[in-house]
Number of protein chains: 2
Amino acid sequence: MTVRAVTIADVAAAARVSRATVSRVMNGVPTVNGEIADRVRTVVGELGYSPSDTARSLSLGQSKTVGVLVPDLSNPTFQQILQGFNSAAAADGYRILVTDSHEEVDDEAALVLDARNRTDAVLLCSPRMSEEQLAELLPTVKPAIVITREAHFQTEASVSADFIFGIRTLAEHLIALGHTRIAYLDGPAIRNSQTTLDTLFREVEMAHPGVTIRRVPCGSSLSDGYYAWDTLKDTTVTGVLAFNDLLALGLLGRLNEDRVPVPGRVSIAGFDDIHFARFASPPLTTMKLPKPSIGEAAWVALRAELKGEAHVAPAIFRPELMSRQTTGPRQ
Amino acid sequence: MTVRAVTIADVAAAARVSRATVSRVMNGVPTVNGEIADRVRTVVGELGYSPSDTARSLSLGQSKTVGVLVPDLSNPTFQQILQGFNSAAAADGYRILVTDSHEEVDDEAALVLDARNRTDAVLLCSPRMSEEQLAELLPTVKPAIVITREAHFQTEASVSADFIFGIRTLAEHLIALGHTRIAYLDGPAIRNSQTTLDTLFREVEMAHPGVTIRRVPCGSSLSDGYYAWDTLKDTTVTGVLAFNDLLALGLLGRLNEDRVPVPGRVSIAGFDDIHFARFASPPLTTMKLPKPSIGEAAWVALRAELKGEAHVAPAIFRPELMSRQTTGPRQ
DNA sequence: CTGTTAGCGCATTCAC
DNA sequence: GTGAATGCGCTAACAG
């Protein structure tokens, strides 16, 4: 914008028609005289006119745009979810506006509000805020839906990945390979997923006497994984589960650097199956998430809300084990 | 938006004041009676009012937002440039709206136009469109600036990376290691950078008799690099330069998979120095680009244009050689 | 089939 | 210090 160079009025004047007619031509309304339409189009071309989306949005009462909040756009996982979401939305004529919170929990609410003020709805992708904050925010920004890594937020999360199932699968995988001392690299401290995970680990330990799974605070980035070795190396841990692939890959890079054999000395498993996982050396064992499908499901849910339809049933996606080379028998 | 739940009028009515007063309170205009202001704020809280950015934009004549076009958001390089740009812009109270062209050259112009119609200016990050298209588009969307990988588009590119210098450096690096048969994995076919690169390679060949550098059409993604080996493996090439790190990393992944020693059988060099480069195995030799600085410089240039100041001098960034382990003596 | 009128939600002159 | 009126650029009835 910035004091629009050429407006609909300019075009109307130059084409000697009313603004309404210009509007009709621009929107492809068929009931316009061919000659007039041509004349308008010509002028549009000459003046380089292009309608202000802001004005259209205000007038139409909708922007045909939905906002998306992600905690970290540099994480390939979110990019892929976003792609699935984006193409699905695009197919319905919607565009997206993405905002990255950079893992700053305290900024999330404001960012969502902000995004919502210029769009018709919002998608909260793995919000890091507490469940309470979320519950408070949601009603003020709806239509809104949230994608979560845990399936137990049934009230809010329309789309979720069965993280617990995935971690259990990975744990069993390591245990089957003979590992008994396992570490879990924790993701961003969020919500009350804490207890859920603890419960899982206790269950697994119960089922497999002799096995211990220890949680280690970590983070969500490559470097978080890289530095995790500092606290891990002096332990007897032989198997490591990571909150996500970034963590696992960062750790793997560190181990390669320190010439620690993988999976000889320690087995590593990630979560998400980002592209790089396959290209790592050795290729990373991880749980594959159908990221584009998750994005699509999110759009389907959001579109339903947009249309005011009945709530669609929450979609829960099960990850799939990609057993590659970073995990092997305990030695 | 979507038929705004609560508007400024609602707040005004509930607080028994005029809309103008509500507006003043919302914008922190000091000349408002304390009690009234408090009353308004209370109502705002109760009603959960939050001003429509769309309406504000239209009224103010500016959105305090700038659009950014990138060819591939999943490429970490662009993310980092974006981050630099974003934080610089944020410091000046501007927000950004990103659009990803997914390397679809033909969509770029429309996307830029689209973005520009809801923002005050646009940044074209490594546009893939032809120089002619760019020249035609630019005037219609200004204020606009472009970031380029080549320094020779002096007329348009406000910020650029000295790609030619970087590739030359890498070529010399390989040659110094004894490589004489070198392949260059080409990026997206764009503009007329073709001849520039050819010129460079001829120069290098002249300066080093016996050396040949062959261009191989490739692409810009991990998988493009992965499949490049299919055409490379039957050649006598011992050194490979890649358009970017993604290509190099994809190729490296393939070579690890096929158990082809790197750099024993073939040396590889990338370009950009994305995070993953360091974590690859072996760590990737590449040219480091000051990506955040590039982003910041872009904002400085764009801000100047926004203010209608004189054109700032084009900024050209020189990449720096990061000699790591994917390049070694010819064997 | 085209022009006139009104209004989307907000900020901002201008009087009061 | 506050309210009433006007306009940002566009679309959508409504007439004609």
Side-chain angles (χ1 to χ4, degrees), chain A residues 1-41 43-44 47-65 93 113-114 116-120, chain B residues 1-41 43-44 47-65 93 113-114 116-120:
Chain A
M1 16 183 37
T2 43
V3 188
R4 217 105 239 293
V6 29
T7 77
I8 197 171
D10 300 325
V11 177
R16 301 186 312 280
V17 296
S18 72
R19 295 174 308 170
T21 297
V22 177
S23 174
R24 291 189 186 102
V25 174
M26 293 306 290
N27 293 296
V29 177
T31 71
V32 181
N33 180 305
E35 288 186 19
I36 297 199
D38 283 339
R39 199 166 70 211
V40 170
R41 279 190 218 97
V43 173
V44 166
L47 269 47
Y49 169 69
S50 131
S52 157
D53 266 310
T54 307
R56 295 196 79 226
S57 296
L58 189 59
S59 180
L60 290 171
Q62 61 171 10
S63 59
K64 284 282 188 179
T65 303
L113 231 34
D114 207 81
R116 182 63 180 80
N117 278 336
R118 12 180 80 228
T119 61
D120 301 341
Chain B
M1 21 183 34
T2 42
V3 190
R4 216 106 239 293
V6 30
T7 76
I8 197 172
D10 300 325
V11 178
R16 301 185 313 282
V17 296
S18 72
R19 296 175 309 172
T21 297
V22 176
S23 174
R24 292 190 185 100
V25 174
M26 293 305 290
N27 293 294
V29 177
T31 71
V32 181
N33 180 305
E35 288 185 19
I36 298 199
D38 283 339
R39 198 167 71 211
V40 170
R41 280 192 216 96
V43 174
V44 166
L47 268 48
Y49 169 70
S50 127
S52 157
D53 266 310
T54 307
R56 295 196 81 229
S57 295
L58 190 59
S59 181
L60 291 170
Q62 62 171 11
S63 60
K64 283 281 187 179
T65 303
L113 230 34
D114 207 82
R116 182 63 180 81
N117 278 336
R118 13 179 80 228
T119 60
D120 301 340

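A note on names: the letters A, B, ... follow the listed sequences, proteins ahead of strands, and every chain is numbered from 1.
A straight line from NZ of B:K64 to C1' of C:dA11 spans 15 Å, rounded to a whole angstrom. If you take CE of A:M26 and P of D:dG9, they are 15 Å apart, rounded to a whole angstrom. Going from atom CG of A:D38 over to atom P of C:dT2 covers 12 Å, rounded to whole Å. Note: CG (A:L60) to C1' (D:dA12) measures 9 Å, nearest angstrom. When the P atom of C:dA6 is taken as reference, atom CG of A:L58 falls 18 Å away, rounded to whole Å. Between the C1' atom of D:dA12 and the CD1 atom of A:I8 lies a distance of 12 Å, rounded to the nearest Å. For the pair A:N27 CG and D:dA13 P, the interatomic distance rounds to 13 Å; values are reported in whole Å. The distance between atom CG of A:D53 and atom P of D:dC10, rounded to the nearest whole Å, is 10 Å.
With a 4.5 Å cut-off on side-chain heavy atoms, B:V40 and B:M26 do not count as touching.
Between B:S59 and C:dC10 there is no side-chain N or O to OP1 or OP2 distance below 4.0 Å. OP1 or OP2 of C:dA11 has at least one side-chain nitrogen or oxygen of B:R56 nearer than 4.0 Å.
In the helix from C:dC1-D:dG16 to C:dC16-D:dG1, the rotation axis of the first five pairs and that of the last five pairs differ in direction by 40°, rounded to 10 degrees.
Formation of a donor-acceptor pair under 3.5 Å by the A:D120 side chain with backbone atoms of A:K64 is found in this model. Side-chain atoms of B:N117 come within 3.5 Å of backbone atoms of A:P51 as a donor-acceptor pair (strictly under, hydrogens ignored). Without hydrogens or angle criteria, A:D53 side chain to B:R118 main chain gives no donor-acceptor distance under 3.5 Å.
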Solution key, residues 13-22 of chain B side-chain donor-acceptor pairs under 3.5 Å, sequence neighbours excluded:
{"from": "B:S18", "atom 1": "OG", "to": "B:A20", "atom 2": "N", "distance (Å)": "3.4"}
{"from": "B:S18", "atom 1": "OG", "to": "B:T21", "atom 2": "N", "distance (Å)": "3.3"}
{"from": "B:S18", "atom 1": "OG", "to": "B:T21", "atom 2": "OG1", "distance (Å)": "3.3"}

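Among residues at least two apart or in separate chains, salt bridge (charged side-chain N to carboxylate O under 4.0 Å, His left out) pairs with a member in residues 21-41 of chain B are B:D38-B:R41.
Under the side chain to side chain contact (heavy atoms under 4.5 Å, CB included) criterion, B:S23 pairs with B:I8, B:N27, not counting sequence neighbours. Partners of B:S59 according to the side chain to side chain donor-acceptor pair (under 3.5 Å) rule, which considers only residues two or more places apart in sequence or in another chain, do not exist here.
A distance of 11.0 Å separates OG1 of B:T54 from CG of A:L60, quoted to the nearest 0.5 Å.
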Close N or O pairs between protein and nucleotides 1-4 of chain D (under 3.5 Å):
{"from": "D:dT2", "atom 1": "OP2", "to": "B:N33", "atom 2": "N", "distance (Å)": "2.6"}
{"from": "D:dG3", "atom 1": "OP2", "to": "B:S18", "atom 2": "N", "distance (Å)": "3.1"}
{"from": "D:dG3", "atom 1": "OP2", "to": "B:S18", "atom 2": "OG", "distance (Å)": "3.1"}
{"from": "D:dG3", "atom 1": "OP2", "to": "B:T21", "atom 2": "OG1", "distance (Å)": "2.6"}
{"from": "D:dG3", "atom 1": "N7", "to": "B:R24", "atom 2": "NH2", "distance (Å)": "3.4"}
{"from": "D:dG3", "atom 1": "O6", "to": "B:R24", "atom 2": "NH2", "distance (Å)": "2.8"}

